[in-house]
Amino acid sequence: MNILCAGLNHHNAPVDVREKFAVGNHQLSETLAAVRAIDGLSGAVILSTCNRVEFYAASLCPVRAFDSLRDLLRTRSGLDAPLYFHDTPGSARHLFRVVSGLDSMVLGETEILGQVKKAYAAAAEFGATTSHLNKLFQHAFRVAKHVRTETQITRGATSVGSVAVELAGKIFGDLTGRRVMILGAGETSERTARSLVSRGVKTVIVSNRTYERAAKLAEEIGGLAIHFDHWHNAFSDVDILICSTAAPHAILTREKLAPLMKERSGRPLFVIDLAVPRDVESSVNELEGVFLYDMDSLEGIVRQTLDVRRSEVVRCEKMIADQVGAFVSWLKRHQGLRS
Amino acid sequence: MDRLLLIAATLCFLASFGYTLYALGAGRFQPGRGNFVAIFTGFLFLSAFLYLRGKAEGSCPLNSLFDVLIFQSWSLVLIYLAVGSAYRLSLLGAFTAPLAFLLVLGAFLAPINQQPVPRAVLNPWIEFHAALSIIAYGAFGLACIAGIMYLLQERQLKSHQVSPLLYNLPPINDLAVANGRLVWLGFGLLTIAFAAGFLSQIPVHRVKFVASALIWGGYGVLLVLKRLHTLAPRRLAGLSIVVFALALLTLPGIQYLSSRP
């Protein structure tokens, strides 16, 4: 018995092609049934995400099954799918790379593991899996865990907003009950604030030169709006300050902040300056208890994180190669026992 | 037998320390069960050693500088095991192991008497005083370690550099809280120990009294300043390292004077 994998992903097909072959939840049972009806194919799992549509199946004659699968997809979409094809052990290697985040658009992202688990669970629910597929997917989940634990492939955050949230966690620990102030209602600051709110931040105070805009954003994210001239009055309770005004000069200087910090009883202050030109004087970072990050430093961390992840790829590939070997050994043993 | 126990404890602390250095060097340190098991095993060996030593000396084994250094190492690990997990500061163990290792190694290598010394005067208050004082030093030692971790984490956050340490060190706010609470704990224990010392009514050398009072007062001043919000966490971290270093330096002198009227 062989395991075949056929599909298309962000490497070989643009989104307008991928979307033609996407399998929504409502089409899943019908598509699984159609795939399983292919002659010589037993069992199937369909993984359909925004970046990939992949079919995993057990078959005695994978090349013929692949041709039939391509015909089926052509019939359903009216297009020739630019499918890639892997037979054992390539299919196992491909799945192990996918669940480990090595094949993802953002190297090392972890969401894909949940998506694969969901796809496998759905196929199992429809009775579409076989012992070979069960073993393959269970093995893949173990590989993903092993790779994540033993390497730094998932280490760090890979967007400016998520870096800011991660740094807030490294400064305050639990963000529950923390207070955020937004100066200047920009798009990035709004996204960052929303991420912080999702992590338990208690209050968001929005201040903007145009009060109406501050009020609108405050209403959207469940915060409070204050007039721009009064922001420093609410400052002493704030833990995280996000600046993104269009001011041509620094609105927060060391001279202004130093006396305000004395009122904070040693509580740290995380300042995220997303504005260009910058809203916060860089010497503010030298004040005790103040941690200032501007766009360059946040993007620098994203770059460093991706560098770290890229440097881990070789180690991940080695682990995966070992695990593919283990899976193929099992497959051979299993087939030997059956014959 | 007792020497073997001590060597085993030293090796356990060295193993934990070595693993930390190796993992940090490889850029993939994750505080794990291995570190904890090594430290806990080392603690068990040290406890067994101190038990045998106490039996041989007929009192709490704090009758020589050798005893004090071993007991100090033991109390440091004791406080770590007691509070480390409560603060979820698992990396504290990785930093505790080297200090515990250096204290035991110092006891081994220093040109001091390593033979059991029976206590001249048996007084339960003075035994309580001595043991609790060293345990208080254990809390101060751990405060010092939390202070070192605070300064490291602050450096990471201020410099905007990503390293495995940034992700593995606890949040800087938690470290500041742990640092303050451990100084409080040590100060409280030392105050009780001093009260027990007074109750023993045994005269002490004036220099020992002054040195001990200065250390107690030093930590007291830190706490008062912290309470008055005039001492930022960074300074508390730095000063808790300095005061503990001074306390360790005065330890041989205090021990020497303890054996004299």
Side-chain angles (χ1 to χ4, degrees), chain A residues 148-158 163 166-175 177-178 239-240 258 261-272 282-309 311-312 315, chain B residues 23-34 86-91 146 149-181 183 222-223 225-239:
Chain A
R148 276 191 197 186
T149 318
E150 295 298 318
T151 72
Q152 297 190 69
I153 196 68
T154 60
R155 173 58 57 83
T158 51
V163 165
E166 196 167 82
L167 287 169
K170 278 293 143 203
I171 293 168
F172 300 105
D174 187 7
L175 296 183
R178 299 286 167 189
D239 299 297
I240 301 166
M261 285 306 291
K262 285 185 182 157
E263 296 167 18
R264 297 174 58 83
S265 319
R267 278 189 302 121
L269 174 69
F270 181 27
V271 184
I272 306 165
S282 57
S283 61
V284 156
N285 194 43
E286 291 160 20
L287 288 171
E288 259 182 42
V290 180
F291 302 96
L292 167 66
Y293 283 77
D294 59 24
M295 278 307 266
D296 273 3
S297 45
L298 292 169
E299 282 170 357
I301 290 178
V302 170
R303 275 197 303 276
Q304 288 176 55
T305 301
L306 289 172
D307 285 347
V308 168
R309 289 186 180 191
S311 70
E312 289 291 85
R315 228 148 56 86
Chain B
L24 283 176
R28 53 191 161 94
F29 183 79
Q30 281 187 315
R33 224 177 290 164
Y87 290 127
R88 290 186 292 135
L89 303 177
S90 43
L91 203 67
M149 288 164 75
Y150 178 96
L151 294 178
L152 280 173
Q153 186 67 308
E154 193 206 33
R155 193 182 159 80
Q156 299 274 319
L157 286 165
K158 288 266 189 192
S159 66
H160 305 159
Q161 293 299 312
V162 171
S163 81
L165 258 188
L166 176 75
Y167 293 108
N168 289 309
L169 281 170
I172 198 162
N173 204 46
D174 291 3
L175 286 169
V177 170
N179 184 222
R181 286 187 185 166
V183 172
L222 291 190
L223 291 171
L225 291 177
K226 183 177 180 295
R227 192 84 186 154
L228 296 173
H229 302 307
T230 51
L231 197 63
R234 183 177 197 278
R235 290 186 190 180
L236 180 64
L239 287 170

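Since we're looking at a predicted model, the values are computed, not measured. Naming: A, B, ... by sequence-line order, numbering from 1 per chain.
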Legend entry - Distance-minimising heavy-atom pair for B/Pro233 and B/Ala176: CB-CB, 3.8 Å
Inset, instruction - Sorted by first residue and then second, give each salt bridge (charged side-chain N to carboxylate O under 4.0 Å, His left out) pair with at least one member in residues 290-299 of chain A; sequence neighbours left out. - result: A/Arg278-A/Asp294
Legend entry - Within-4.5 Å side-chain heavy-atom neighbours: A/Leu175 and A/Asp239: no
Inset, instruction - Using non-hydrogen atoms and a 4.5 Å limit, figure out which bit of A/Thr305 sits close to chain B: side chain, backbone, both or neither. - result: side chain
Legend entry - Ion pair A/Glu312/A/Arg155, N-O distance below 4.0 Å: no
Legend entry - Which atoms of A/Glu286 approach chain B - backbone, side chain, both or neither, heavy atom under 4.5 Å: backbone
Inset, instruction - On the 0 to 90° scale, with breaks at 30° and 60°, tag the B/His160-A/Tyr293 ring pair as parallel, tilted or perpendicular. - result: tilted
Legend entry - Per-residue contact mode, B/Gln153 against chain A (heavy atom under 4.5 angstrom): side chain
Legend entry - Interface residue of largest heavy-atom contact number with chain A, from B/Glu154, B/Lys158, B/Arg234, under 4.5 Å: B/Lys158
Legend entry - Part of A/Leu292 lying under 4.5 Å from any heavy atom of chain B: backbone
